There are 2 protein chains.
Amino acid sequence: MLSRTARYGLKAAVHIAEQGDPSPARVEDLAQALDVPRNYLSKILHRMAQAGLLNSTRGRGGGFWLPRDPGTVTLIEVIQCLEPTHAFDVQCLLGRPDCSDADPCTAHGRWCAVRDEISRFFTETTLAELARPESGG
Amino acid sequence: MLSRTARYGLKAAVHIAEQGDPSPARVEDLAQALDVPRNYLSKILHRMAQAGLLNSTRGRGGGFWLPRDPGTVTLIEVIQCLEPTHAFDVQCLLGRPDCSDADPCTAHGRWCAVRDEISRFFTETTLAELARPESGG
DNA sequence: TGCTTTGCTCATGATCTTATGATCTTTGCT
DNA sequence: AGCAAAGATCATAAGATCATGAGCAAAGCA
(Lines give C-alpha, C1' and ligand atoms only; values in the text may rest on other atoms or scores of the structure.)
Protein backbone atom coordinates (compact mmCIF):
# COMPACT_ATOMS: atom_id res chain seq x y z
CA MET A 1 0.00 0.00 0.00
CA LEU A 2 2.76 2.37 0.99
CA SER A 3 6.34 2.30 -0.25
CA ARG A 4 8.93 1.45 2.34
CA THR A 5 10.17 5.02 2.09
CA ALA A 6 6.77 6.46 2.96
CA ARG A 7 6.33 3.97 5.78
CA TYR A 8 9.70 4.87 7.28
CA GLY A 9 8.88 8.54 7.04
CA LEU A 10 5.52 8.04 8.71
CA LYS A 11 6.99 5.87 11.43
CA ALA A 12 9.64 8.44 12.18
CA ALA A 13 7.16 11.29 12.36
CA VAL A 14 4.83 9.26 14.57
CA HIS A 15 7.73 8.28 16.79
CA ILE A 16 8.74 11.89 17.24
CA ALA A 17 5.14 12.79 17.97
CA GLU A 18 4.85 10.01 20.54
CA GLN A 19 7.95 11.13 22.41
CA GLY A 20 6.45 14.53 23.01
CA ASP A 21 10.01 15.65 23.64
CA PRO A 22 10.60 19.28 22.65
CA SER A 23 14.33 18.71 22.11
CA PRO A 24 15.40 17.50 18.63
CA ALA A 25 15.44 13.76 17.88
CA ARG A 26 18.72 12.48 16.42
CA VAL A 27 18.72 10.45 13.21
CA GLU A 28 20.91 7.88 14.93
CA ASP A 29 18.41 7.34 17.72
CA LEU A 30 15.42 7.27 15.40
CA ALA A 31 17.15 4.78 13.12
CA GLN A 32 17.84 2.47 16.03
CA ALA A 33 14.41 2.82 17.57
CA LEU A 34 12.65 2.13 14.26
CA ASP A 35 15.18 -0.40 12.95
CA VAL A 36 15.73 1.57 9.76
CA PRO A 37 19.04 2.15 7.94
CA ARG A 38 20.55 5.36 9.23
CA ASN A 39 21.51 7.14 6.01
CA TYR A 40 18.38 6.04 4.26
CA LEU A 41 16.32 7.52 7.08
CA SER A 42 18.46 10.63 7.00
CA LYS A 43 17.51 11.26 3.40
CA ILE A 44 13.85 10.65 4.11
CA LEU A 45 13.84 13.04 7.05
CA HIS A 46 15.65 15.62 5.00
CA ARG A 47 13.00 15.45 2.30
CA MET A 48 10.32 15.87 4.92
CA ALA A 49 12.19 18.84 6.36
CA GLN A 50 12.36 20.46 2.93
CA ALA A 51 8.61 19.99 2.62
CA GLY A 52 8.17 21.77 5.95
CA LEU A 53 6.85 18.71 7.78
CA LEU A 54 9.90 18.64 10.03
CA ASN A 55 12.44 21.14 11.26
CA SER A 56 16.10 20.32 11.71
CA THR A 57 19.34 21.75 13.05
CA ARG A 58 22.85 20.51 12.59
CA GLY A 59 25.68 20.27 15.05
CA ARG A 60 25.74 19.39 18.71
CA GLY A 61 22.26 19.11 20.17
CA GLY A 62 20.80 19.02 16.69
CA GLY A 63 18.18 16.74 15.20
CA PHE A 64 14.63 16.77 13.90
CA TRP A 65 11.37 17.90 15.45
CA LEU A 66 7.77 18.56 14.48
CA PRO A 67 7.05 22.22 13.98
CA ARG A 68 3.29 21.59 13.92
CA ASP A 69 0.80 19.88 16.17
CA PRO A 70 0.69 16.19 15.17
CA GLY A 71 -3.08 16.40 15.10
CA THR A 72 -2.89 18.82 12.17
CA VAL A 73 -0.46 16.85 10.00
CA THR A 74 -2.34 14.52 7.65
CA LEU A 75 -0.89 11.33 6.26
CA ILE A 76 -1.37 12.54 2.71
CA GLU A 77 1.10 15.35 3.37
CA VAL A 78 3.80 12.91 4.38
CA ILE A 79 3.07 10.52 1.55
CA GLN A 80 2.95 13.25 -1.06
CA CYS A 81 6.42 14.45 -0.15
CA LEU A 82 7.90 10.93 -0.13
CA GLU A 83 6.12 9.20 -3.00
CA PRO A 84 6.09 10.61 -6.50
CA THR A 85 2.75 8.98 -7.31
CA HIS A 86 0.16 7.46 -4.97
CA ALA A 87 -1.90 4.35 -5.42
CA PHE A 88 -5.10 6.23 -4.83
CA ASP A 89 -5.09 8.55 -7.77
CA VAL A 90 -5.51 5.69 -10.22
CA GLN A 91 -8.43 6.52 -12.51
CA CYS A 92 -9.12 3.17 -14.14
CA LEU A 93 -7.99 -0.11 -12.66
CA LEU A 94 -6.87 -1.29 -16.07
CA GLY A 95 -5.15 1.97 -16.88
CA ARG A 96 -7.54 2.62 -19.75
CA PRO A 97 -7.18 6.30 -20.60
CA ASP A 98 -10.64 6.33 -22.15
CA CYS A 99 -12.31 4.98 -19.03
CA SER A 100 -13.96 7.95 -17.37
CA ASP A 101 -17.13 9.04 -15.64
CA ALA A 102 -18.52 9.86 -19.07
CA ASP A 103 -17.48 6.58 -20.71
CA PRO A 104 -17.00 4.04 -17.94
CA CYS A 105 -16.45 0.32 -17.79
CA THR A 106 -19.08 -1.41 -15.72
CA ALA A 107 -16.92 -1.44 -12.60
CA HIS A 108 -15.85 2.20 -12.89
CA GLY A 109 -18.33 3.65 -10.44
CA ARG A 110 -17.72 1.02 -7.84
CA TRP A 111 -13.96 1.37 -8.12
CA CYS A 112 -14.14 5.14 -7.80
CA ALA A 113 -16.10 4.74 -4.59
CA VAL A 114 -13.41 2.52 -3.12
CA ARG A 115 -10.62 4.78 -4.33
CA ASP A 116 -12.29 7.84 -2.86
CA GLU A 117 -12.63 6.12 0.47
CA ILE A 118 -8.90 5.32 0.49
CA SER A 119 -8.16 8.89 -0.46
CA ARG A 120 -10.43 10.21 2.27
CA PHE A 121 -8.67 8.06 4.85
CA PHE A 122 -5.28 9.52 4.01
CA THR A 123 -6.46 13.11 3.84
CA GLU A 124 -8.40 12.92 7.10
CA THR A 125 -6.11 10.82 9.28
CA THR A 126 -3.38 12.63 11.17
CA LEU A 127 -0.08 11.66 12.75
CA ALA A 128 -1.68 11.91 16.17
CA GLU A 129 -4.11 9.16 15.22
CA LEU A 130 -1.30 6.80 14.28
CA ALA A 131 0.33 7.17 17.65
CA ARG A 132 -0.32 4.51 20.27
CA PRO A 133 -2.98 5.40 22.78
CA GLU A 134 -1.37 6.69 25.97
CA SER A 135 -0.93 3.69 28.21
CA GLY A 136 -2.75 4.15 31.48
CA GLY A 137 -4.44 7.23 30.06
CA MET B 1 -2.63 0.03 -6.87
CA LEU B 2 -1.94 -2.95 -9.11
CA SER B 3 1.44 -3.96 -10.46
CA ARG B 4 1.85 -3.64 -14.18
CA THR B 5 1.96 -7.42 -14.38
CA ALA B 6 -1.43 -7.80 -12.72
CA ARG B 7 -2.88 -5.04 -14.86
CA TYR B 8 -1.66 -6.67 -18.06
CA GLY B 9 -3.08 -10.00 -16.94
CA LEU B 10 -6.42 -8.44 -16.14
CA LYS B 11 -6.53 -6.52 -19.39
CA ALA B 12 -5.80 -9.66 -21.37
CA ALA B 13 -8.46 -11.67 -19.57
CA VAL B 14 -10.99 -8.89 -20.02
CA HIS B 15 -10.08 -8.55 -23.67
CA ILE B 16 -10.60 -12.25 -24.26
CA ALA B 17 -13.90 -12.05 -22.42
CA GLU B 18 -14.99 -9.06 -24.50
CA GLN B 19 -14.28 -10.86 -27.77
CA GLY B 20 -16.65 -13.66 -26.88
CA ASP B 21 -14.78 -15.65 -29.51
CA PRO B 22 -14.66 -19.37 -28.71
CA SER B 23 -11.48 -19.90 -30.76
CA PRO B 24 -8.17 -19.35 -28.93
CA ALA B 25 -6.67 -15.84 -28.81
CA ARG B 26 -3.03 -15.62 -29.91
CA VAL B 27 -0.44 -13.96 -27.69
CA GLU B 28 0.73 -11.96 -30.66
CA ASP B 29 -2.73 -10.52 -31.28
CA LEU B 30 -3.37 -9.83 -27.61
CA ALA B 31 0.00 -8.12 -27.25
CA GLN B 32 -0.75 -5.84 -30.16
CA ALA B 33 -4.33 -5.11 -29.11
CA LEU B 34 -3.28 -4.26 -25.54
CA ASP B 35 0.04 -2.65 -26.46
CA VAL B 36 1.98 -4.96 -24.15
CA PRO B 37 5.38 -6.59 -24.79
CA ARG B 38 4.77 -9.96 -26.39
CA ASN B 39 7.05 -12.23 -24.37
CA TYR B 40 6.23 -10.49 -21.15
CA LEU B 41 2.54 -11.08 -21.81
CA SER B 42 3.30 -14.65 -22.78
CA LYS B 43 4.75 -15.33 -19.36
CA ILE B 44 1.83 -13.67 -17.62
CA LEU B 45 -0.71 -15.68 -19.59
CA HIS B 46 1.22 -18.84 -18.89
CA ARG B 47 1.08 -18.19 -15.17
CA MET B 48 -2.65 -17.61 -15.41
CA ALA B 49 -3.01 -20.84 -17.36
CA GLN B 50 -1.13 -22.74 -14.68
CA ALA B 51 -3.50 -21.29 -12.11
CA GLY B 52 -6.44 -22.56 -14.17
CA LEU B 53 -7.72 -19.09 -15.05
CA LEU B 54 -6.97 -19.66 -18.73
CA ASN B 55 -6.60 -22.65 -20.99
CA SER B 56 -4.00 -22.83 -23.74
CA THR B 57 -2.89 -24.98 -26.64
CA ARG B 58 0.28 -24.78 -28.65
CA GLY B 59 0.79 -25.18 -32.32
CA ARG B 60 -1.22 -24.02 -35.28
CA GLY B 61 -4.59 -22.68 -34.25
CA GLY B 62 -3.39 -22.49 -30.66
CA GLY B 63 -3.76 -19.69 -28.13
CA PHE B 64 -5.52 -18.84 -24.89
CA TRP B 65 -9.17 -18.90 -23.88
CA LEU B 66 -11.32 -18.61 -20.79
CA PRO B 67 -12.50 -21.96 -19.52
CA ARG B 68 -15.00 -20.32 -17.17
CA ASP B 69 -17.78 -17.80 -17.49
CA PRO B 70 -16.23 -14.31 -17.06
CA GLY B 71 -18.98 -13.51 -14.60
CA THR B 72 -17.59 -16.11 -12.21
CA VAL B 73 -13.93 -15.10 -12.33
CA THR B 74 -13.15 -12.57 -9.58
CA LEU B 75 -10.35 -10.04 -9.80
CA ILE B 76 -8.74 -11.39 -6.67
CA GLU B 77 -8.15 -14.71 -8.43
CA VAL B 78 -6.20 -13.02 -11.19
CA ILE B 79 -4.27 -10.79 -8.83
CA GLN B 80 -3.41 -13.60 -6.46
CA CYS B 81 -1.82 -15.62 -9.20
CA LEU B 82 0.19 -12.67 -10.56
CA GLU B 83 1.21 -10.76 -7.45
CA PRO B 84 3.11 -12.40 -4.65
CA THR B 85 1.64 -10.04 -2.05
CA HIS B 86 -1.33 -7.69 -2.35
CA ALA B 87 -1.70 -4.22 -1.00
CA PHE B 88 -4.88 -5.14 0.78
CA ASP B 89 -3.59 -7.65 3.23
CA VAL B 90 -1.53 -5.05 5.04
CA GLN B 91 -2.37 -5.30 8.71
CA CYS B 92 -0.89 -2.10 10.05
CA LEU B 93 -0.13 0.89 7.88
CA LEU B 94 3.19 1.34 9.63
CA GLY B 95 4.02 -2.34 9.47
CA ARG B 96 3.97 -2.61 13.23
CA PRO B 97 3.76 -6.30 14.03
CA ASP B 98 2.28 -5.54 17.44
CA CYS B 99 -0.56 -3.47 16.01
CA SER B 100 -3.62 -5.71 16.11
CA ASP B 101 -7.29 -5.67 16.96
CA ALA B 102 -6.28 -6.46 20.53
CA ASP B 103 -3.60 -3.75 20.76
CA PRO B 104 -4.34 -1.18 18.08
CA CYS B 105 -3.04 2.23 17.24
CA THR B 106 -5.76 4.84 17.19
CA ALA B 107 -6.20 4.61 13.43
CA HIS B 108 -6.26 0.81 13.33
CA GLY B 109 -10.01 0.36 13.22
CA ARG B 110 -10.51 2.98 10.58
CA TRP B 111 -7.75 1.60 8.41
CA CYS B 112 -9.13 -1.93 8.66
CA ALA B 113 -12.48 -0.66 7.45
CA VAL B 114 -10.87 0.87 4.38
CA ARG B 115 -8.73 -2.19 3.75
CA ASP B 116 -11.72 -4.49 4.01
CA GLU B 117 -13.62 -2.40 1.53
CA ILE B 118 -10.76 -2.66 -0.95
CA SER B 119 -10.61 -6.38 -0.33
CA ARG B 120 -14.34 -6.73 -0.82
CA PHE B 121 -14.14 -4.90 -4.14
CA PHE B 122 -11.57 -7.32 -5.51
CA THR B 123 -13.28 -10.44 -4.24
CA GLU B 124 -16.71 -9.41 -5.50
CA THR B 125 -15.90 -7.83 -8.84
CA THR B 126 -15.65 -10.16 -11.83
CA LEU B 127 -14.03 -9.98 -15.24
CA ALA B 128 -17.44 -9.47 -16.78
CA GLU B 129 -17.84 -6.24 -14.82
CA LEU B 130 -14.57 -4.84 -16.16
CA ALA B 131 -15.66 -5.34 -19.75
CA ARG B 132 -17.05 -2.33 -21.59
CA PRO B 133 -20.81 -2.20 -21.75
CA GLU B 134 -22.03 -3.54 -25.10
CA SER B 135 -22.31 -0.60 -27.43
CA GLY B 136 -25.80 -0.21 -28.74
CA GLY B 137 -26.93 -2.82 -26.25
C1' DT C 1 40.81 28.59 16.71
C1' DG C 2 40.07 23.92 16.77
C1' DC C 3 37.51 19.84 18.30
C1' DT C 4 33.27 17.20 18.47
C1' DT C 5 28.67 16.37 17.27
C1' DT C 6 25.39 16.25 14.16
C1' DG C 7 22.85 16.59 9.68
C1' DC C 8 23.88 16.51 4.50
C1' DT C 9 25.55 14.57 0.25
C1' DC C 10 27.70 11.60 -3.04
C1' DA C 11 29.11 7.25 -5.06
C1' DT C 12 28.04 2.83 -5.23
C1' DG C 13 25.73 -1.60 -4.99
C1' DA C 14 21.65 -5.07 -4.10
C1' DT C 15 17.30 -6.43 -5.40
C1' DC C 16 12.90 -6.47 -7.73
C1' DT C 17 9.99 -5.39 -11.46
C1' DT C 18 9.63 -4.75 -16.17
C1' DA C 19 11.10 -5.79 -20.56
C1' DT C 20 13.63 -7.70 -24.94
C1' DG C 21 15.43 -11.12 -28.13
C1' DA C 22 16.75 -15.64 -29.27
C1' DT C 23 15.75 -20.22 -29.16
C1' DC C 24 13.27 -24.59 -27.88
C1' DT C 25 9.06 -27.45 -27.99
C1' DT C 26 4.69 -28.82 -29.29
C1' DT C 27 0.91 -29.11 -32.53
C1' DG C 28 -1.55 -29.26 -36.87
C1' DC C 29 -1.38 -29.39 -41.78
C1' DT C 30 0.15 -31.07 -46.28
C1' DA D 1 8.23 -36.84 -42.93
C1' DG D 2 8.65 -32.14 -43.18
C1' DC D 3 7.11 -27.44 -42.68
C1' DA D 4 4.95 -23.63 -40.43
C1' DA D 5 2.48 -21.74 -36.53
C1' DA D 6 2.10 -21.08 -32.07
C1' DG D 7 3.21 -21.24 -26.97
C1' DA D 8 7.27 -22.04 -23.55
C1' DT D 9 11.61 -20.93 -21.91
C1' DC D 10 16.16 -18.90 -21.19
C1' DA D 11 19.65 -15.29 -20.87
C1' DT D 12 20.07 -10.84 -20.34
C1' DA D 13 19.46 -5.99 -19.28
C1' DA D 14 17.12 -1.39 -18.23
C1' DG D 15 15.13 1.17 -14.52
C1' DA D 16 13.24 2.01 -10.00
C1' DT D 17 13.41 1.28 -5.25
C1' DC D 18 16.01 0.14 -1.27
C1' DA D 19 20.20 0.37 1.12
C1' DT D 20 25.30 1.10 2.63
C1' DG D 21 29.57 3.57 3.55
C1' DA D 22 32.62 7.33 3.20
C1' DG D 23 33.23 11.74 3.62
C1' DC D 24 31.55 16.93 3.57
C1' DA D 25 29.44 20.96 6.01
C1' DA D 26 27.50 23.36 9.69
C1' DA D 27 26.73 24.29 14.50
C1' DG D 28 28.04 24.39 19.36
C1' DC D 29 31.52 24.36 22.90
C1' DA D 30 35.97 25.14 25.08
Side-chain angles (χ1 to χ4, degrees), chain A residues 1-13 16 21 23-67 79 81-87 94-95, chain B residues 1-13 16 21 23-67 79 81-87 94-95:
Chain A
M1 191 74 222
L2 295 178
S3 71
R4 201 165 295 204
T5 299
R7 210 162 57 238
Y8 286 170
L10 271 181
K11 281 173 86 165
I16 294 174
D21 191 339
S23 68
R26 304 190 316 143
V27 174
E28 186 60 43
D29 293 342
L30 287 170
Q32 280 189 15
L34 306 174
D35 194 30
V36 166
R38 184 196 175 280
N39 284 355
Y40 188 30
L41 183 60
S42 176
K43 264 180 290 195
I44 293 171
L45 295 177
H46 181 229
R47 253 200 275 175
M48 291 170 68
Q50 287 189 312
L53 296 174
L54 292 174
N55 277 359
S56 71
T57 43
R58 293 174 164 195
R60 192 185 203 114
F64 291 86
W65 69 94
L66 281 167
I79 293 168
C81 99
L82 294 177
E83 286 187 352
T85 64
H86 340 101
L94 302 182
Chain B
M1 192 72 223
L2 295 178
S3 71
R4 201 166 296 204
T5 299
R7 209 159 59 237
Y8 286 169
L10 272 180
K11 281 172 86 163
I16 294 174
D21 191 338
S23 68
R26 303 191 317 145
V27 174
E28 185 60 43
D29 293 342
L30 287 170
Q32 280 190 14
L34 305 174
D35 194 30
V36 165
R38 185 196 175 282
N39 285 354
Y40 187 31
L41 182 60
S42 176
K43 265 180 289 195
I44 293 171
L45 295 177
H46 181 228
R47 253 200 276 175
M48 292 170 69
Q50 286 188 313
L53 296 173
L54 292 175
N55 277 358
S56 71
T57 41
R58 295 174 160 196
R60 191 185 204 116
F64 291 86
W65 70 94
L66 281 167
I79 293 168
C81 99
L82 294 177
E83 287 186 351
T85 63
H86 339 103
L94 302 182

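The figures here come from the full heavy-atom set of this structure, side chains too, leaving out hydrogens, waters and symmetry mates. None of these values were measured; they are calculated from a predicted model. Throughout, a chain's letter reflects where its sequence line sits, starting with A, and its residues are numbered from 1.
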Visitor: Which comes earlier along DNA chain C counting from the 5' end, the contact point of A/R60 or that of A/L45, where each point is its nearest nucleotide?
Guide: A/R60
Visitor: Give me, pair by pair, the N or O atoms of the protein and of nucleotides 9-11 of chain D that are less than 3.5 Å apart, along with how far apart they are.
Guide:
unit_1 : atom_1 : unit_2 : atom_2 : d
D/dT9  : OP2    : B/H46  : ND1    : 3.2
D/dT9  : OP2    : B/H46  : NE2    : 3.3

Visitor: Take atom CD1 of B/I44 and atom P of D/dA8, then tell me their distance rounded to the nearest Å.
Guide: 13 Å
Visitor: Residues in side chain to side chain donor-acceptor pair (under 3.5 Å) with B/R26, at least two apart?
Guide: B/D29
Visitor: To the nearest 0.5 Å, what is the distance between CD1 on B/I79 and CG on B/L10?
Guide: 5.5 Å
Visitor: Please output the side-chain donor-acceptor pairs of residues 31-55 of chain B that fall under 3.5 Å, not counting sequence neighbours, one pair per line with the distance.
Guide:
unit_1 : atom_1 : unit_2 : atom_2 : d
B/Q32  : NE2    : B/E28  : OE2    : 3.4
B/R38  : NE     : B/E28  : OE1    : 3.1
B/Y40  : OH     : B/T5   : OG1    : 2.4
B/R47  : NH1    : B/L82  : O      : 3.2

Visitor: Could you measure the distance from the CD1 atom of A/I16 to the CZ atom of A/F64? Nearest 0.5 Å is fine.
Guide: 8.0 Å
Visitor: In residues 23-37 of chain A, which residues come under 4.0 Å of DNA chain D by heavy atom?
Guide: A/P37
Visitor: Please work out if B/G62 contacts a base, only the sugar-phosphate, or nothing of the nucleic acid, heavy-atom cut-off 4.0 Å.
Guide: sugar-phosphate
Visitor: Considering heavy-atom distances to DNA chain D, does A/G59 or A/R4 have its closest nucleotide positioned more toward the 5' end?
Guide: A/R4
Visitor: So what's C/dT30 paired with, Watson-Crick or G-U wobble, going by both distances under 3.5 Å?
Guide: D/dA1
Visitor: Using the side chain to side chain donor-acceptor pair (under 3.5 Å) criterion, which residues pair with A/T57? Sequence neighbours excluded.
Guide: none
Visitor: First and last nucleotide of DNA chain C touching chain A, 5' to 3', heavy-atom cut-off 4.0 Å?
Guide: C/dT5 to C/dA11
Visitor: I want to check one thing: is the phosphate of D/dA19, taken as OP1 and OP2, less than 4.0 Å away from some side-chain N or O of A/Y8?
Guide: yes
Visitor: Using only atom types and a distance under 3.5 Å, with no angle test, would you say the side chain of B/E83 pairs donor to acceptor with the backbone of B/S3?
Guide: yes
